[in-house]
2 protein chains.
Amino acid sequence: MTFIEQASDAIRDSGGRMTRQRRIIIEQIAGAQWDAESLYAELTAAGEEVSLATVYRTLSVLEGAGLLQQRYLSPDHERRVYVPLTTLQTHHFTCKGCGKVIPFETDIVGRLSSELAAGMGLQVTSGCICVEGYCVDCQEETT
Amino acid sequence: MTFIEQASDAIRDSGGRMTRQRRIIIEQIAGAQWDAESLYAELTAAGEEVSLATVYRTLSVLEGAGLLQQRYLSPDHERRVYVPLTTLQTHHFTCKGCGKVIPFETDIVGRLSSELAAGMGLQVTSGCICVEGYCVDCQEETT
DNA sequence: CCTGCTATTGCGAGTCATTTTCAACACCAG
DNA sequence: CTGGTGTTGAAAATGACTCGCAATAGCAGG
């Protein structure tokens, strides 16, 4: 079952309706992570008619349905990004030198979940990790 | 050297002045983490005269001097919190059931730093970790 | 102890991302 | 086809945070 089918089902199951706007938003976010503003710009540039408010609302609905998860890519948390669950294990490193955002894979949230469950009985449902520092290129410049 | 002395020195060294407002803000944040709004409320309640803008500005100055670090306690990142460097290894778990914020200690940022350095040559200088889920009490209720 | 230079303050206004309000609209079950 | 109600767009609201500017107050030198 594709992401789009899952999303349609989830929306209908909760008594919601599949509108033109929701469809194009879902199609766009199925492939990659987006923040509301960029997604809106992209759709508008492609000639689609949606309002920014609807983009925010739809992303929020999809998050509530468990299909997306919010993230903040950089430690200064300036913009909320939505990530399809299929890419959940990707986190991001922000370079303080050049501003580059470097994705990396790790199951560190999983390990942390185990630790918290074992040590304190906490049940982790979602986590967010932001790290910043210097990338290879910027380390060389400093040296 | 106490946190307050460190802060005074840092401010003076950079050509800044120790004002009454800065002193009371520094004294207040020396002991624990605060977000600007709460710190302002606390000081005002204690009869001190400071403006919210000054609280924000002072926290930012202290962060620039390397005495505080910003954090977001919960995954929804609704409020910026400043933490004295001495308590840096404390992270937070937010319960989606009762809203409780539970601190925990872990060197997970350290481990992640090692992984990133070894695997991709990235040099991590700071990190932020937010996890949410259900605490022991709220897990029982769900059951 | 004065004095003046200028860093800092307070206040109100300004940002910016995100949310809400509300009337008009459009899914979709019947 | 049609009505009930979930959704939308546009604009106003919100909330955290920042900025402009005139008034104030540290503090170095006299």
Side-chain angles (χ1 to χ4, degrees), chain A residues 7-26 28-29 33-44 47-65 68-82 128 130, chain B residues 4 7-26 28-29 33-44 47-65 68-82 130:
Chain A
S8 304
D9 290 355
I11 286 176
R12 290 230 170 71
D13 288 353
S14 62
R17 295 171 181 172
M18 269 306 289
T19 63
R20 175 179 50 78
Q21 292 89 335
R22 285 185 174 176
R23 194 177 342 273
I24 63 176
I25 291 170
I26 292 169
Q28 191 67 41
I29 206 169
Q33 61 193 19
W34 289 92
D35 63 88
E37 209 88 36
S38 309
L39 210 174
Y40 171 69
E42 181 73 19
L43 292 177
T44 300
E48 302 288 357
E49 295 189 342
V50 209
S51 74
L52 182 54
T54 294
V55 171
Y56 273 107
R57 278 188 289 233
T58 302
L59 291 176
S60 173
V61 165
L62 293 174
E63 195 218 346
L68 299 179
Q69 221 174 60
Q70 316 183 172
R71 285 283 186 69
Y72 289 80
L73 294 192
S74 57
D76 51 2
H77 298 185
E78 78 297 317
R79 196 174 303 194
R80 185 183 303 166
V81 170
Y82 285 87
C128 133
C130 317
Chain B
I4 299 174
S8 304
D9 290 355
I11 287 175
R12 291 230 171 69
D13 289 352
S14 61
R17 295 174 183 172
M18 269 305 288
T19 63
R20 174 179 50 79
Q21 292 88 336
R22 286 184 172 174
R23 192 175 347 270
I24 63 176
I25 291 171
I26 292 169
Q28 191 67 39
I29 206 170
Q33 61 194 18
W34 290 91
D35 63 87
E37 211 87 35
S38 309
L39 210 174
Y40 170 68
E42 181 73 19
L43 292 177
T44 300
E48 301 289 357
E49 295 189 341
V50 210
S51 73
L52 181 55
T54 295
V55 171
Y56 274 108
R57 279 188 287 232
T58 302
L59 291 176
S60 171
V61 165
L62 293 174
E63 195 218 346
L68 299 179
Q69 220 173 60
Q70 319 183 169
R71 284 282 187 70
Y72 289 80
L73 293 191
S74 57
D76 50 1
H77 298 187
E78 78 297 317
R79 198 174 301 196
R80 186 183 303 165
V81 170
Y82 285 87
C130 317

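Note on naming: letters A, B, ... go to the chains in the order of the sequence lines (proteins, then strands), and numbering restarts at 1 for each one. Everything quoted here is computed from the prediction, not taken from an experiment.
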S.K.: Whole angstroms only, please: what is the CD1-C1' distance between I11(B) and dT8(C)?
M.R.: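 Between C1' of dT8(C) and CD1 of I11(B): 11 Å.
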
S.K.: Output all residues satisfying side-chain contact (heavy atoms from CB on, under 4.5 Å) with S38(A), sequence neighbours left out; order by chain, then residue number.
M.R.: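 Scan of S38(A) (side-chain contact (heavy atoms from CB on, under 4.5 Å), adjacent residues dropped) gives W34(A), D35(A), R79(A).
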
S.K.: Side chains of T44(B) and V50(B): does their closest heavy-atom pair fall under 4.5 Å?
M.R.: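 Sidechains of V50(B) and T44(B): no contact.
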
S.K.: Please report the end-to-end axis angle for the helix from dC1(C)-dG30(D) to dG30(C)-dC1(D), five pairs per end, rounded to 10 degrees.
M.R.: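 Result, rounded to 10 degrees: 30°.
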
S.K.: Atom OH of Y40(A) and atom P of dT18(C): how far apart are they, to the nearest Å?
M.R.: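 After rounding, the reported distance stands at 15 Å.
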
S.K.: Once you round it to whole Å, what is the distance between C1' of dC17(D) and CZ of R79(B)?
M.R.: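 To the nearest whole Å, that distance equals 12 Å.
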
S.K.: Is R57(A) near enough to dT19(C) that one of its side-chain N or O atoms lies under 4.0 angstrom from OP1 or OP2?
M.R.: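 Checking R57(A) against dT19(C): no side-chain N or O falls below 4.0 Å of OP1 or OP2.
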
S.K.: Grab the CG-P distance between L43(A) and dG9(D) for me, whole Å please.
M.R.: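 My rounded result for the distance is 11 Å.
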
S.K.: Just how far is it from atom CG of L68(B) to atom OH of Y82(B), taken to the nearest 0.5 Å?
M.R.: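 With rounding to 0.5 Å, CG (L68(B)) is 8.0 Å from OH (Y82(B)).
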
S.K.: Could you check if a side-chain atom of Q21(B) sits within less than 4.5 angstrom of a side-chain atom of V55(B), using non-hydrogen atoms only?
M.R.: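 Contact flag for Q21(B)/V55(B) side chains = no.
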
S.K.: Measure CZ/R23(B) against C1'/dG26(D) and give the value in whole Å, please.
M.R.: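 Value for this atom pair: 10 Å.
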
S.K.: Atom CD of E63(A) and atom CD of Q70(A): how far apart are they, to the nearest 0.5 Å?
M.R.: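 CD of Q70(A) is found 4.0 Å from CD of E63(A).
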
S.K.: Check nucleotides 11-13 of chain D for protein N or O atoms closer than 3.5 Å to its own N or O atoms and list the pairs.
M.R.:
none

S.K.: Rounded to whole Å, please give me the gap between CD in E49(B) and C1' in dT24(D).
M.R.: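 E49(B) atom CD is separated from dT24(D) atom C1' by 13 Å.
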
S.K.: Can you find a heavy atom in the side chain of I11(A) that is under 4.5 Å from one in the side chain of R17(A)?
M.R.: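 Result no, sub-4.5 Å side-chain heavy-atom pair not found.
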
S.K.: How long is the straight-line distance from CD1 of I29(B) back to CD of E42(B), given to the nearest 0.5 Å?
M.R.: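 Rounded to the nearest 0.5 Å, the CD-CD1 separation comes out at 12.0 Å.
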
S.K.: Sequence neighbours left out, what pairs pass side-chain hydrogen bond (donor to acceptor under 3.5 Å, both in side chains) with at least one residue falling in residues 48-59 of chain A?
M.R.: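 Residue pairs passing side-chain hydrogen bond (donor to acceptor under 3.5 Å, both in side chains), neighbours aside: S51(A)-T54(A).
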
S.K.: Can you work out whether V81(B) or G15(A) has the more 5'-proximal nearest nucleotide on DNA chain D?
M.R.: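 Its nucleotide being nearer the 5' end, the pick is G15(A).
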
S.K.: Between dT8(D) atom C1' and L59(A) atom CG, what is the distance in whole Å?
M.R.: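 Value for this atom pair: 15 Å.
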
S.K.: If we only count heavy atoms from C-beta on, is the V61(B) to R22(B) side-chain gap below 4.5 Å?
M.R.: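 They are in side-chain contact.
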
S.K.: Starting at atom CD of Q70(A), determine the distance to atom C1' of dA17(C), rounded to an integer number of angstrom.
M.R.: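 In whole Å, dA17(C) C1' and Q70(A) CD are 12 Å from each other.
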
S.K.: State which residues pass side-chain contact (heavy atoms from CB on, under 4.5 Å) with A41(A); sequence neighbours excluded, sorted by chain then number.
M.R.: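 If we apply the side-chain contact (heavy atoms from CB on, under 4.5 Å) test to A41(A), skipping adjacent residues, there are no hits.
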
S.K.: If we only count heavy atoms from C-beta on, is the L59(B) to R80(B) side-chain gap below 4.5 Å?
M.R.: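 Heavy-atom side-chain distance check fails, nothing below 4.5 Å.
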
S.K.: Output one line per pair: protein atom, nucleotide atom from nucleotides 26-30 of chain C, and distance, for all N/O pairs under 3.5 Å.
M.R.:
from: dC27(C); atom 1: O2; to: R17(A); atom 2: NH1; distance (Å): 3.1
from: dC28(C); atom 1: OP1; to: R12(A); atom 2: NE; distance (Å): 3.4
from: dC28(C); atom 1: OP1; to: R12(A); atom 2: NH2; distance (Å): 3.3
from: dC28(C); atom 1: OP1; to: M18(A); atom 2: N; distance (Å): 3.2

S.K.: Return no unless some side-chain N or O of Y56(A) is found under 4.0 Å from OP1 or OP2 of dT19(C).
M.R.: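 No, no such contact exists.
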
